[in-house]
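FYI, side chains are in, hydrogens and waters are out, and symmetry mates aren't considered; it's all heavy atoms of this structure. For clarity, every value in this text was computed on a predicted model and none was experimentally measured. Order of the sequence lines fixes the chain letters, A, B, ..., with proteins taken first and strands second; residue numbering starts at 1 for each chain.
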There are 2 protein chains.
Amino acid sequence: MTGKSPPSCPMDAILRLLMGPWTTYILWILNDRGPQRFGVLKRAVPGISTRVLTERLRMLQAAGVIWREQSSTIPPAVTYGLTERGKELREVLDALDEIAQRWQREGAFSDPRLATA
Amino acid sequence: MTGKSPPSCPMDAILRLLMGPWTTYILWILNDRGPQRFGVLKRAVPGISTRVLTERLRMLQAAGVIWREQSSTIPPAVTYGLTERGKELREVLDALDEIAQRWQREGAFSDPRLATA
DNA sequence: CGGGATCCCAGTTGATACTG
DNA sequence: CAGTATCAACTGGGATCCCG
């Protein structure tokens, strides 16, 4: 993230975790399609760079939201999937998503200040 | 936010809305203490600059999450408060906050990568 | 294939000064 | 009091190259 928030609020930590672009999208995919390999994720998330995808996965893993399984073959195969904590998080995110979709229908994000790009 | 996410996902819009530092903190205060004036908010959110606070309030207002009431007196008095939509949002944020606190007790954010500062 | 190291740019923030 | 304007500084992201 760019700035920082009052350290006292744990929610800020969890939001920092989710905040980066695509983070929720990654969780969405892992929740929707089950465990996936790095390359598949990269292709599934349109426009993400290797560096950022790696970073996001590391953060999610550090928070115990996803697991990482690495086979030491050549070429390597690394698979990521949701942990229990990740699934728990998805539930809340789904609720948030439901609200977001409704608000969108109601035009809540039509203001240019909230532009997608 | 800095980057951009898949435009198709409304949740990204709502996360962009919440994401900026202090945004959830502002909502928290408005939810907790009721409508507040600009200056009070500024003092309540430690370290925020005038410019950023203004921008956040504008975004939240644009999304219909908070209302703004201005009295054209001198000196002016501007008050902000949660709308129904804002209260609805707080419910989900409270659920997220509950998870965040539990995770914190479980050490989910102890990794330096998720550092608060 | 998965990802670490670099370089560079754009956007965002912080600080400061000014105004109705 | 409640902002707006401006500028400098920082950070995060994209692109690229390389390695095990």
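Comparing B:Phe38 and B:Arg51 along DNA chain D, the residue whose closest nucleotide (by nearest heavy atom) sits nearer the 5' end is B:Phe38. Across the interface with DNA chain C, nearest-nucleotide mapping of B:Thr50 and B:Arg56 shows B:Arg56 to be the residue nearer the 5′ end.
With hydrogens and angles disregarded, a donor-acceptor distance shorter than 3.5 Å links the side chain of A:Thr83 to the backbone of A:Val65. Formation of a donor-acceptor pair under 3.5 Å by the A:Trp67 side chain with backbone atoms of A:Gln61 is not found in this model.
Going from atom CD1 of A:Ile48 over to atom P of D:dA15 covers 12 Å, rounded to whole Å. Taking atom CD of A:Gln70 as the reference point, atom C1' of C:dG3 lies 10 Å away to the nearest angstrom. Spacing between atom OH of B:Tyr80 and atom C1' of D:dA2 amounts to 8 Å, rounded to whole angstrom units. Remark: P of D:dG12 and CG of A:Leu53 are 18 Å apart, rounded to the nearest angstrom. Between A:Leu57 atom CG and C:dG3 atom P the separation is 7 Å, expressed in whole Å. Rounded to whole Å, atom C1' of C:dG4 lies 14 Å from atom NZ of A:Lys42. Atom P of nucleotide D:dC1 and atom CG of B:Leu41 are separated by 14 Å, given to the nearest angstrom. Look at CG on A:Leu60: it is 13 Å from P on C:dG3, rounded to the nearest Å.
Here B:Arg58 reaches the OP1 or OP2 of D:dT4: one of its side-chain N or O atoms lies under 4.0 Å away.
Nearest to the side chain of A:Pro76, among C:dA5, C:dG4, D:dG20, sits D:dG20. Distance from the side chain of B:Ser49 is smallest for C:dG14 among the nucleotides C:dG14, D:dG3, D:dC1. If you check D:dG3, C:dG4, C:dT13 against the side chain of B:Glu55, the one that comes closest is C:dT13. Closest to the side chain of A:Pro75, from the set C:dC1, C:dT13, C:dG3, is C:dC1.
The pair A:Glu88-A:Arg85 fails the salt-bridge criterion, with no side-chain N (NZ, NE, NH1 or NH2) lying under 4.0 Å from an Asp/Glu carboxylate O. By the 4.0 Å N-to-carboxylate-O rule, B:Asp12 lies too far from B:Arg16 to be salt-bridged with it.
Between the CD1 atom of B:Ile14 and the CG atom of A:Asp97 there is a distance of 8.5 Å, given to the nearest 0.5 Å.
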